[in-house]
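Shown next, in structure tokens, is the structure this report addresses.
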Amino acid sequence: QAELVESGGGSVQAGGSLRLSCVGSEYTYNSDCVAWFRQAPGKEREGVAHIDNDGTTTYADSVKGRFTISKDNAKRTMYLQMNSLKPEDTATYYCAARRWGYCAGGYFEAKAMDFWGKGTLVTISS
């Protein structure tokens, strides 16, 4: 069964931190690439960070140095640690997985993902 379930969203002030979690079924978690995307109202869904099974990570320029993606294989859980949050980080955050094929090398985009969670809302106030 293909499943991804996010948690950890909420409302914080600018400068604060949140940690998002995404638990996957065995089938989805063992994908070649797992990733976080976000979508703000009126905007397209954009990639935030991904981690491939070989450990390669990529971050959007807007979050480099502030966000960290990681995995705990024993728990089948992916995390997104978000520090120094800004109002422009406000969005619904989705975890996603690309079953076959890494995201590095030009495949870190929404249309390349095979599975999606339902999202968790992050709101940053100034």
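In what follows, every heavy atom counts, from backbone to side chain, and hydrogens, waters and symmetry copies are set aside. Keep in mind that this is a model prediction, so the values were computed, not measured.
For R45, the side-chain hydrogen bond (donor to acceptor under 3.5 Å, both in side chains) partners two or more places apart in sequence, or in a different chain, are Q39. R99 is linked by a salt bridge (Lys or Arg N to Asp or Glu O under 4.0 Å) to nothing, counting only residues two or more places apart in sequence or in another chain. With sequence neighbours excluded, the residues that form a side-chain hydrogen bond (donor to acceptor under 3.5 Å, both in side chains) with S62 are R38. The ring-ring contact (aromatic ring centres under 6.0 Å, His included) test applied to F115 returns Y27, not counting sequence neighbours. Remark: S31 pairs with no residue by the side-chain hydrogen bond (donor to acceptor under 3.5 Å, both in side chains) rule, at least two apart or across chains.
No side-chain heavy atom of V23 sits less than 4.5 Å from a side-chain heavy atom of L4. Between F108 and R98 the shortest side-chain heavy-atom distance does not fall below 4.5 Å. Between D89 and V122, the closest side-chain pair of non-hydrogen atoms is not below 4.5 Å. Looking only at side-chain heavy atoms (C-beta outward), N53 and K71 come within less than 4.5 Å of each other. The side-chain heavy atoms of I51 and T56, taken from C-beta on, include no pair separated by under 4.5 Å.
For the residue pair A97 and V34, the shortest heavy atom distance occurs at CB-CG1, 4.1 Å. Here the closest heavy-atom approach between residue G119 and residue E6 is recorded as N-OE1, 2.9 Å.
Under the 4.5 Å side-chain heavy-atom criterion for Ile, Leu, Val, Met, Phe, Trp and Tyr, F37 and F67 are members of distinct hydrophobic clusters. Hydrophobic clustering places V12 together with V63 (ILVMFWY residues linked when any side-chain heavy atoms are closer than 4.5 Å, directly or through intermediates).
Sorted by first and then second residue, the pairs that involve residues 73-88 and meet side chain to side chain donor-acceptor pair (under 3.5 Å), not counting sequence neighbours, are S17-N83, Y29-N73, Q81-N83. Applying the disulfide bond (SG atoms under 2.5 Å apart) definition to pairs two or more places apart or across chains, none involves residues 60-93. Every pair passing salt bridge (Lys or Arg N to Asp or Glu O under 4.0 Å) that includes a residue from residues 49-65 is listed here, sequence neighbours excluded: D61-K64. Legend: side chain to side chain donor-acceptor pair (under 3.5 Å) pairs involving residues 116-126, not counting sequence neighbours: none detected. Each disulfide bond (SG atoms under 2.5 Å apart) pair with one or both residues in residues 36-122, not counting sequence neighbours, appears once here: C22-C95, C33-C103. Note on residues 44-91: no pairs pass disulfide bond (SG atoms under 2.5 Å apart), not counting sequence neighbours.
Remark: Y59 OH is packed, more than 12 non-hydrogen atoms of other residues, nucleotides or ligands lying under 6.0 Å away.
Here the straight-line distance linking atom CH2 of W36 with atom CE of M82 works out to 8.0 Å at 0.5 Å rounding. In this structure, the separation between OG1 on T57 and CD1 on I69 is 7.5 Å, given to the nearest 0.5 Å. Atom OH in Y94 sits 13.0 Å away from atom CG in L20 (nearest 0.5 Å).
Side-chain heavy-atom separations under 4.5 angstrom define the hydrophobic clusters, and W100 shares its cluster with no other residue.
The main-chain N or O of A49 is never found under 3.5 Å from a side-chain atom of T58 such that the two would form a donor-acceptor pair.
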